[in-house]
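Here the structure is a predicted model, which means the values were calculated and not measured. Residue numbers start from 1 in every chain, and the chains themselves are labelled A, B, ... in the order their sequence lines are given, proteins ahead of strands. Below, each value reflects all heavy atoms present in this structure, side chains not excepted, and no hydrogens, waters or symmetry copies.
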Amino acid sequence: MPVITYREAVRHALAEELERDPNVVVMGEEVAQFNGAYKVTEGLLARFGPQRIVDTPISEAGFIGVGIGASMLGIRPVMELMFWSFYSVAFDQILNNAANVRYMSGGQIHCPIVIRGPANGGTNVGATHSHTPENVLANHPGVKVVVPSTPADAKGLLKSAIRDNDPVFFLENTMLYGEKGEVPAGEHVVPLGLADVKRAGTDLTIVTYGRSVLHSLAAAEVLEREHKISTEVLDLRTIRPLDFDSVLKSVAKTHRVLIVEEQKPFASVGSQLAYMIQREAFDELDGPIHRLATVDAPAIYSPPVEVEQLPNPRRVLQAALETLA
Amino acid sequence: MSKKPTAKEATTTAAIDHAQAPVNARLTPEERIELFRKMVRIRRFEERSLRAYQAKKIGGFLHLYIGQEAVAVGCCSLMGPHDHVITAYRDHGHAIAVGMDTKPLMAELYGKATGCSKGKGGSMHYFDPSRNFWGGHGIVGGQIPLGAGLAYALKYKGLKGAAMAFMGDGAVNQGAVHEAYNLASLWNLPVVFVIENNGYSMGTSQARSSAGELAQRAAGYDMQWGQCNGHDVYEVRAMMDKFLTLARETGKPSTVEIDTYRYRGHSVADPDNTYRSKQEIEEYRRTRDPIQLFQDKLLAEGVLTPALAEQIDTEARAEADVAADFSEASPFPTPADIQTDVYWEADNPSERRSQGRLFFT
Ligand SMILES: Cc1ncc(C[n+]2csc(CCOP(=O)(O)OP(=O)(O)O)c2C)c(N)n1
Ligand SMILES: [Mg+2]
């Protein structure tokens, strides 16, 4: 199986879907001539031309609104946000218009739009550029939220997202763009709403997603080697829809749960998970659910300290040991 | 602060006879009567809805269009098969103008399952994609980028049509509107941005909210623009025909500011006694009522007789009553309906590809 980067995996998904469906359009700041701010869309302009790969002005509310309007008439725009952090200037378009228009029209309209881009901290760009809005997005019924951690998942999930008839928000990670992994060539589709056991174990379940999956896997290694603890790492891959059956299955196996998320703790994805686990698997739990999140402050710039603000293997290890204590 | 008089009122209304514009000259008597009938139907529908509101049959807001009827009717009467409409929350007039049945419109106000949005949208959120009507939007200015997006889709598909994106005079100060202007002009999108200038955004007059002329801002985006009197349905049609043709033929966007006036408060919650005088409202009703003016024109043209005008009015009142009776008799949605029409996939389970939970408790 070919080994490619996460960045290339996203690009392959885009190219294959552009090839498959003439209504797919890639749109965003610097996606065409500049080859993408993070080079995700490199080469697509040369291959598909300016009708399909469209550079926009720095005008997120405007161009995302245009994409939503076009999607109501059957275009399938894949919009790139240079950073998901910039969603705030297009909040009304994303979370009033795309999220609500189907409902308010009594089901007469649907918006097959994808908005994608990186949503992560860890790159020393300060608070304005380090937002992780998956909880905010998923708080809006009507939308879907995807958070791939590996190249194969990035490709397979993006292909599903583009074919989906609901608005899908696809959250990538600049720290993952260079990560390599095996990715099937050609048609490789991962359904939304299907979690994946990235490592099987019996003593502890770590429920996580995105880059925190990598930290959790690293910590699981150490737990096995140095503490003889067998850890199951469950990668949600999609926040909404949520594969909660897989969470329940893992909890029934290990009876101990740690949630790891690159999220501010208040009303986070983990908060929702913890509520659901205690509600639906109370009798399976041998101890309180623990949660490791981003340290609760705006993203700090200082490079060595930002590492400590976010989940990292050392913090995951410590949280795992506390969960089992 | 009274409504700001604009220069064009003096220059355009008297000087040109818009009935002679080709788009109006070619209207058959039946078509002229239909324009009149639509305006009357909108007015009677809204008066009936106001009574229903006062009888506590309707919740939330109710933004009445009374006084502005010639704008929606004039604009929408020009629609071809690939022309589309999107507007803000003052949307009853546009909905009737594009041809929606008044029964589901009234039922929507009553919050009934038979409403055009199944009772899920309410007064501000009417939709009918089958008639190229894309709402009905509650956030001031938020619908304008969507309007540009409809035009984008037309262009992408190579269809010869135009989108009309309606907004109020207050909406022109929203950033999203300006972003849409820029994109539409930059990309040559076939959209006509229509500013329905009724002089006030809620209780704030144009003079207290907007610097400079409203339509003229389009010039900053290298867009053509025009202003016209919206009390004369012929003039609305003449002006809009020009810009819709521009959009359809050349793909170029434009901005049209249509001078109009609302007789009622901003919404039914507005006591309407803080920001304009009763005399001002009376003056408009007396001298510039779009329905009265058009009725006078059609009588003079010999197209309409007093008896026919009377009959149209009686029918419009009866239609509004029928719509209210229909709404009254219709069922409310059930609590089980709360979670339908949220996701396309949930509503089409046989075609669902995703897995997992879509809804949470
Ligand atoms: C973003 C936003 N801000 C404020 C409001 C509340 N609001 C609703 S309508 C309105 C006035 C808008 O006036 P205008 O654009 O002139 O339209 P008109 O009501 O005259 O048709 C205001 C302030 C809103 N709905 N959305
Ligand atoms: Mg106004």
Side-chain angles (χ1 to χ4, degrees), chain A residues 23 25 51 54 56-57 59-75 77 89-90 92-93 96-97 100-112 138 141-144 160 163-166 189 191-195 238 240-246 272 276 279, chain B residues 84 86 108 115-122 124-125 127-130 134-139 142-154 156-157 163 175-176 178-184 186-187 189 339-345 347-348 351 353-361:
Chain A
N23 280 326
V25 177
Q51 165 95 351
V54 184
T56 68
S59 189
E60 286 82 2
F63 74 74
I64 288 183
V66 165
I68 296 165
S71 78
M72 300 191 310
L73 268 184
I75 307 298
V89 302
D92 179 50
Q93 297 302 321
N96 258 326
N97 288 345
N100 291 340
V101 75
R102 175 172 184 78
Y103 197 68
M104 296 191 305
S105 67
Q108 297 180 82
I109 297 173
H110 64 275
C111 292
V143 314
K144 294 173 178 170
S160 287
R163 298 175 192 188
D164 202 283
N165 278 339
D166 293 307
V189 179
L192 306 188
L194 185 63
T238 303
R240 189 167 187 154
L242 180 69
D243 179 5
F244 197 64
D245 288 349
S246 290
Q272 174 67 16
M276 292 172 73
R279 183 72 184 78
Chain B
H84 293 262
I86 191 165
E108 187 63 27
C116 58
S117 297
K118 304 184 190 167
K120 293 179 174 180
M124 302 191 285
H125 308 117
F127 290 85
D128 188 352
S130 74
W134 300 93
H137 293 266
I139 299 299
Q143 76 281 11
I144 301 303
L146 301 187
L150 294 169
Y152 186 94
L154 289 172
Y156 189 85
K157 293 177 170 181
H178 289 262
E179 294 193 27
Y181 278 8
N182 182 54
L183 287 167
L186 190 70
W187 290 346
L189 303 181
Q339 286 185 311
T340 58
D341 304 314
V342 180
Y343 288 96
W344 182 91
E345 267 203 324
D347 299 333
N348 296 276
E351 289 171 78
R353 291 206 196 93
S354 80
Q355 307 180 22
R357 297 192 191 178
L358 282 166
F359 295 97
F360 298 84
T361 49

Over all atoms of both residues, closest heavy-atom pair of [X] and [Y]:
X        : Y        : answer
B:Phe359 : A:Arg240 : CA-NH2, 4.1 Å
A:Lys144 : B:Ser354 : NZ-OG, 4.4 Å
B:Asp341 : A:Arg102 : O-CG, 3.3 Å
B:Leu358 : A:Pro241 : CD2-CB, 3.7 Å
A:Gln108 : B:Ser117 : NE2-OG, 4.5 Å

Item to check | Heavy-atom side-chain proximity of B:Tyr156 to A:Val54 below 4.5 angstrom | outcome: no
Next on the checklist: Looking at chain A, which one of B:Ala151, B:Gly175, B:Pro129, B:Gly119 has the largest number of heavy-atom pairs inside 4.5 Å, strictly under?
Outcome noted: B:Pro129
Checklist entry - Looking at B:Met124, B:His84, B:Gln143, which one has more heavy-atom pairs under 4.5 Å with chain A than the rest? => result B:His84
Item to check | Portion of A:Asn165 that has a non-hydrogen atom of chain B nearer than 4.5 angstrom | outcome: both
Checklist entry - Side chain, backbone, both or neither: which part of A:Asn100 has a non-hydrogen atom closer than 4.5 Å to chain B? => result neither
Can you tell me which portion of [X] sits under 4.5 Å from chain A's heavy atoms? Options are side chain, backbone, both or neither.
X        : answer
B:Leu183 : side chain
B:His137 : side chain
B:Ile144 : neither
B:Asn182 : side chain

Checklist entry - Taking A:Gly193, A:Gly142, A:Ala195 one by one, which has the highest count of heavy-atom pairs under 4.5 Å against chain B? => result A:Gly142
